[in-house]
Each structure stands twice: as C-alpha cells, then as structure tokens.
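Within every chain, numbering begins at 1; the chains are lettered A, B, ... in the order of the sequence lines, protein sequences first and strands thereafter.
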There are 2 protein chains.
Amino acid sequence: MSLPGLLGAVDPTSDRAVFRQIADQLRESIDRGRFKEGEKLPSEAELVEHYGVSRMTVRNSFSILQGEGLVHAEHGKGVFVRPRPPVRRLASDRFARRHREQGKSAFIVEADAAGSHPQVDSLEVKEEKATQDIATRLGSVRRVLARRRRYLLDGRPVEFATSYLPLDIARGTQIAEPNPGPGGIYARLEELGHHLDHFEEEIRARMPAPSEVKTLRLASGVPVIHLIRTAYDTEGRAVEVCDTVMAADAYVLSYQLPAT
Amino acid sequence: MSLPGLLGAVDPTSDRAVFRQIADQLRESIDRGRFKEGEKLPSEAELVEHYGVSRMTVRNSFSILQGEGLVHAEHGKGVFVRPRPPVRRLASDRFARRHREQGKSAFIVEADAAGSHPQVDSLEVKEEKATQDIATRLGSVRRVLARRRRYLLDGRPVEFATSYLPLDIARGTQIAEPNPGPGGIYARLEELGHHLDHFEEEIRARMPAPSEVKTLRLASGVPVIHLIRTAYDTEGRAVEVCDTVMAADAYVLSYQLPAT
DNA sequence: CTTGCCAACTCGTCTATACGAGTAGCCCTG
DNA sequence: CAGGGCTACTCGTATAGACGAGTTGGCAAG
C-alpha cells in the first residue's frame with residue numbers, strides 16, 4: 001500500500017494550499033514521466049493515507065489536474081494520465097483545386113493516408129433562417145442552406161462543422177443533396193460558375209459549451225478551436241461560410257504565408 | 001435575501017446531479033443575460049439558502065462554471081460573470097513588408113489604432129542551447145539567440161513570445177540588441193541579406209501550464225493559443241522561429257488564403 | 001472631519017462522514 | 001468448466017462544520 005517513493009510530503013504551514021502542493025507533486029511526476037500516458041495514478045484512498053489529508057483535499061488536487069487536461073477520472077477504475085491523441089494536421093492549402101480532383105473528401109483522404117479510420121455522421125442538410133452573424137458574413141441574406149456533419153477518427157468525434165450557403169446559389173443543386181459528389185461543394189460551386197478566389201479563416205480558442213462537450217465527447221480540460229471560413233468567388237461575393245468546432249487536442253492548424 | 005425569481009428549484013431525485021442542475025440554471029441565466037457581464041452572481045450563502053443544499057454543492061456548481069470560463073471568483077467580494085475582454089485581431093498579412101516601414105513595432109501600431117495602451121516588458125535577449133524542437137525547425141543548429149518578451153494591453157498581459165535565431169545570423173548584429181530598431185528583426189534580417197520568402201505558422205490550443213497562468217495572469221477556464229512561426233529566406237533556409245503563447249480570450253487569428 | 005477599528009459579509013481551505021454506483025476479481029455453485 | 005454473485009476497490013455526490021483571509025462600510029474615538 002505504501003507508495004513507491006515517487007511523492008514527497010506536504011507542508012501544511014506553507015503559503016501554498018495543501019491541495020495545490022499535492023497537485024504540484026503529481027503534475028511534476030507526470031511531466032517527468034514517472035507516471036506515463038494512460039497509467040493509473042494512486043487512488044484517492046492511497047493519497048489520503050500517504051499525505052495524511054482528507055479525501056476532499058485529494059479530490060481537489062485531482063480536479064486541478066483535470067482542469068489542466070492532464071488527467072481524467074474513470075468511475076470505478078481510477079484516475080489516469082490522459083494520453084495525447086493522434087493529431088490531425090490541417091494545412092492551409094487543403095482546399096487548393098489540385099486536392100479537389102479526386103472523388104473522396106479531404107477528410108477521408110487525409111485520414112486514410114494517416115492510417116486512421118475516418119467516419120462522417122449526423123449529416124443534416126436543410127434550409128433555415130440565417131443567424132445575424134452568418135447573414136453579415138454572407139452579405140445580408142435571410143435564409144440559407146445549412147449542411148451539418150460530424151467527423152470521427154477511429155470512432156472518436158473530432159470535429160463538428162456547418163456550412164452555410166445562400167439559397168439562390170444552392171437551392172435545387174447537388175449542394176442541397178446529402179452527398180455533394182466528388183470534390184465536395186467547392187467543386188459544385190465552381191461548376192455552377194462561382195469560381196473561387198480566396199478564403200478567409202477566423203480562428204478562436206475557448207472552452208466548449210456543454211452541447212459541444214456532448215457532441216465531441218470532450219474530456220474536461222480540453223478546449224475547442226473554433227474556425228470560421230468564408231469562401232469568396234472571383235466577383236468578391238461570399239458564397240459559403242463554414243463554421244467548424246474542433247477538439248483542440250486532436251488538431252494542429254498549419255498555414256503557409258508569403259512574406260510579400 | 002430571497003433571490004429575485006431568476007432561479008428555479010432543483011430535483012434531488014433527478015439523474016442529473018444537484019450541483020450540475022444548479023450550474024445549468026446559473027449558466028442559462030448568464031446566457032439569457034439575466035446576469036450581465038461583470039455582474040455579481042448570488043453569493044454562496046444565498047444559493048445555499050435558496051436551493052436548500054450545502055455549501056460544497058454550491059461551490060461545486062461554481063467550479064463547473066469557472067472551468068467553462070463563464071465566471072470568476074474574487075476573494076472577499078463574490079463571484080462575477082466574466083467580461084469578454086477586447087479582442088486583438090491578428091491578420092495573416094501582419095508581417096508583410098509594407099507594414100515594416102515604420103519605426104514602431106506591429107504590436108504598438110495596432111494597439112494604438114485600436115485605442116488601447118500597449119506595453120512590452122520582460123525583455124530578455126541571450127544566447128542559449130536550442131531545444132530539440134527548435135533545433136529541428138531551424139535545421140540542426142546547436143545554439144541560438146533567444147529574444148523573449150511579453151506584450152500587455154491596458155496593463156493586461158496577453159501574449160508571451162520567444163524568437164529563436166541561428167547564432168551565425170544574429171550574433172553581433174542589432175538583432176542581438178534589446179531594441180532591434182525600426183521594422184523589427186525582420187527588417188534587420190533583410191538588411192543582412194536574408195530576404196524573407198515565406199512564413200509557416202503552426203497553431204494549437206490547449207490549457208495553460210501553471211507557469212503560463214502566472215505570466216499571462218490567466219483566469220481559470222481560459223485556454224491558450226500556441227503559435228509557432230518559422231520564417232524562411234529565399235534560399236529556403238529557416239532564419240527564425242517564433243514561439244508565441246497567447247491568452248485565447250484576447251485573440252482572433254485571421255488568415256487570407258488564395259483558392260488556387 | 002478624519003482616522004482607525006470592528007463587524008459582517010465574501011470566498012478559500014480543510015476535516016470527517018455517509019451513501020451511491022461503476023468495476024473487477026475471486027469464489028462458490030451448479 | 002461456466003455462470004453468477006459477492007466483495008473489495010474505485011470515483012461521484014452530498015452534508016455539516018470549522019477556521020482563515022480579503023473586502024467593505026459603518027461607527028466610534030480622536
């Protein structure tokens with residue numbers, strides 16, 4: 001029962017609260033690799049005994065580490081060091097025309113290449129009223145076609161995206177079908193004469209709302225990356241807005257910029 | 001003492017834990033604007049009385065909302081709805097040559113334009129051993145010149161950045177001085193014959209480490225954006241790596257991409 | 001009127017206890 | 001040997017109480 005000499009003692013007279021000291025020691029042990037990814041930390045009861053503190057104090061320490069995204073608790077099993085999931089790299093040229101020739105979507109192609117099992121679900125395509133923000137970005141349209149879908153890698157949801165298109169562009173075209181066909185909606189837009197000129201991407205990071213925790217099955221301590229992409233055609237018109245929420249621990253975004 | 005009819009009751013027999021139900025009600029009240037930004041929530045004691053639960057239960061609810069970045073507690077004062085701070089937009093062309101002509105740094109110019117009071121502190125310029133990651137990015141250099149600085153807006157730290165440059169480029173030049181002169185180090189690099197060709201930026205989001213919480217004075221529930229920019233010259237050599245950690249609630253990154 | 005103290009209110013930390021519920025392994029039963 | 005159930009262990013939720021420390025405003029003393 002006595003813990004291997006990994007953890008020291010706490011100083012109750014210290015300025016630093018006891019539960020913070022315990023969290024500090026556990027964090028350091030994790031950082032130094034004394035507890036490895038996926039490994040189980042000592043149980044609450046063990047730490048209670050080791051440090052001579054009450055259970056709430058230990059739980060308080062755990063909740064700090066959870067908030068930092070370092071560990072996660074499993075009911076009935078224990079508290080574990082959170083493994084770093086495989087990361088998906090999004091390159092800034094992922095929508096370049098040359099990637100649009102194939103039949104499969106960028107997500108599927110990339111995932112296959114990385115050896116993961118990709119999946120897309122909760123497809124929903126419907127017409128709806130534009131929110132204020134979407135309306136502004138699309139240039140004052142009232143109603144839009146919304147295409148919603150969720151992406152999964154090896155069964156884990158990693159991204160939830162909604163594309164909004166003006167009805168006068170999308171209605172009655174293949175864009176309004178669940179399957180937009182080879183090359184995705186950007187290929188269809190170009191076929192319809194809306195030649196794409198450039199994209200604008202806005203990136204934010206924040207903690208997820210409860211609904212996002214649910215759809216992305218996020219562990220506590222995992223932020224989301226919120227990306228809003230607007231596609232403009234050669235006439236300067238915004239033809240699509242894509243609102244994407246990604247599990248931050250599953251993504252690295254990568255941009256290549258000219259130094260002009 | 002009785003609370004204005006904003007909050008309902010909880011169902012102790014429900015599947016959903018009582019402290020979650022309380023958090024839900026408070027969250028909804030905040031979302032609906034019944035508690036406004038900066039406004040004080042009912043005190044722990046008031047909620048204890050209103051819901052007929054123990055204090056730890058109420059504190060548990062608050063800690064959920066804190067983790068979501070919705071509220072923050074001030075010792076001796078109360079729990080407040082966290083105001084959304086003014087946001088700094090970083091455009092992808094912020095390092096274009098045309099922005100480099102003036103004497104002042106991009107940060108100062110932008111902040112002045114936005115009506116904020118900018119500040120730069122904890123300047124440190126020194127030679128040091130490159131970490132494995134930096135060495136790889138710079139093409140296997142051993143030692144580097146590191147330029148560290150922290151940026152503040154209206155007294156609030158928002159960004160902490162470190163630039164790494166190969167010693168054979170930077171040593172003995174103005175780049176190794178605390179003040180790199182008009183146009184910043186990119187201007188100096190070009191004067192030295194290292195004409196910049198393009199930048200590569202990698203973006204991640206995660207919860208901050210304790211040291212980052214300290215230097216950026218982050219409230220709990222605020223993630224950081226971690227941006228690593230590598231600058232390449234026209235010969236394809238990496239001439240600088242800039243590692244930046246930003247308070248996520250203070251930034252929106254914006255990229256303009258060709259549709260090519 | 002000003003100063004300084006005190007009281008009341010705030011959240012922060014910690015203890016002790018209790019019960020519930022999920023998990024996993026052992027052992028007994030059939 | 002297979003199955004089922006018991007038990008011990010895990011974390012989850014909740015109560016009640018205590019003391020500490022930061023903040024604020026009022027009141028009393030100077």
Side-chain angles (χ1 to χ4, degrees), chain A residues 1-3 9-26 35 38-67 70-82 213 219-221, chain B residues 1-3 9-26 35 38-67 70-82 210 213 217 219-221:
Chain A
M1 167 63 76
S2 91
L3 296 175
V10 290
D11 173 10
T13 70
S14 159
D15 248 11
R16 191 151 180 83
V18 172
F19 72 89
R20 288 185 204 286
Q21 294 182 51
I22 295 178
D24 290 344
Q25 291 189 16
L26 292 171
F35 297 119
E39 208 171 310
K40 187 177 165 303
L41 295 183
S43 75
E44 295 177 355
E46 284 170 327
L47 292 173
V48 162
E49 188 178 344
H50 176 81
Y51 287 112
V53 298
S54 82
R55 192 176 156 219
M56 284 313 292
T57 302
V58 170
R59 281 181 64 76
N60 241 333
S61 311
F62 278 156
S63 97
I64 289 186
L65 300 178
Q66 249 180 72
L70 278 181
V71 306
H72 69 111
E74 292 182 32
H75 193 169
K77 298 212 254 185
V79 177
F80 301 83
V81 180
R82 217 152 64 71
V213 170
S220 65
Chain B
M1 167 64 77
S2 92
L3 298 174
V10 290
D11 172 11
T13 71
S14 159
D15 250 10
R16 192 151 178 85
V18 172
F19 73 89
R20 290 186 203 285
Q21 294 181 51
I22 296 177
D24 290 344
Q25 291 189 17
L26 292 170
F35 297 118
E39 207 170 312
K40 185 176 166 303
L41 295 183
S43 75
E44 295 177 356
E46 283 170 327
L47 292 173
V48 162
E49 188 179 345
H50 177 81
Y51 287 113
V53 297
S54 80
R55 191 176 156 220
M56 285 313 291
T57 302
V58 170
R59 280 182 64 77
N60 241 332
S61 310
F62 278 157
S63 97
I64 289 186
L65 300 178
Q66 253 181 69
L70 278 180
V71 307
H72 68 112
E74 292 183 32
H75 193 169
K77 299 213 252 182
V79 177
F80 301 83
V81 179
R82 217 153 63 71
V213 169
R217 287 209 291 274
S220 66

Between atom [atom1] in [X] and atom [atom2] in [N], what is the gap in whole Å?
X        : N       : atom1 : atom2 : answer
Glu44(B) : dG22(D) : CD    : C1'   : 14 Å
Met56(A) : dA18(C) : CE    : C1'   : 13 Å
Glu74(B) : dC9(C)  : CD    : P     : 20 Å
Phe19(A) : dT15(C) : CZ    : C1'   : 14 Å
Asn60(B) : dA14(D) : CG    : P     : 8 Å
Tyr51(A) : dC14(C) : OH    : P     : 13 Å
Glu49(B) : dA16(D) : CD    : P     : 14 Å
Leu47(B) : dA14(D) : CG    : P     : 15 Å

Would you indicate what Arg16(A) reaches in the nucleic acid, counting non-hydrogen atoms under 4.0 angstrom: base, sugar-phosphate, or nothing?
nothing

With nearest nucleotides of DNA chain C determined for Leu41(B) and Val18(A) from heavy-atom distances, which residue corresponds to the more 5′ nucleotide?
Leu41(B)

Nearest-nucleotide check on DNA chain C, Gly78(B) vs Val53(A); residue mapping nearer the 5' end is Gly78(B)

pair [X]-[Y]: side-chain heavy atoms closer than 4.5 Å:
X        : Y        : value
Phe62(B) : Leu47(B) : yes
Gln21(B) : Ser14(B) : yes
Gln66(B) : Val79(B) : no

Output the single nucleotide from [options] whose closest atom is nearest the side chain of [X].
X        : options                   : value
Ser54(A) : dT10(C), dT13(C), dT15(C) : dT15(C)
Ala17(B) : dC11(C), dT15(C), dT13(D) : dT13(D)
Arg59(B) : dG12(C), dT23(D), dA24(C) : dG12(C)
His75(B) : dT13(C), dT10(C), dG22(C) : dT10(C)

When you measure only distances, ignoring hydrogens and angles, does the side chain of Arg55(B) come within 3.5 Å of the base of dT13(C) through a donor and an acceptor?
yes

Looking only at side-chain N and O atoms, does [X] come under 4.0 Å of OP1 or OP2 in [N]?
X        : N       : value
Lys77(A) : dA24(C) : yes
Arg20(A) : dT13(C) : yes
Thr57(B) : dT15(D) : yes

side-chain contact (heavy atoms from CB on, under 4.5 Å) between Glu49(B) and Glu46(B), worked out
CA-CA 5 Å; Glu49(B) 188 179 345; Glu46(B) 283 170 327; 5.9 Å; no

Is Glu74(B) reaching over with its side chain to a backbone N or O of Phe80(B), donor-acceptor style, under 3.5 angstrom?
no

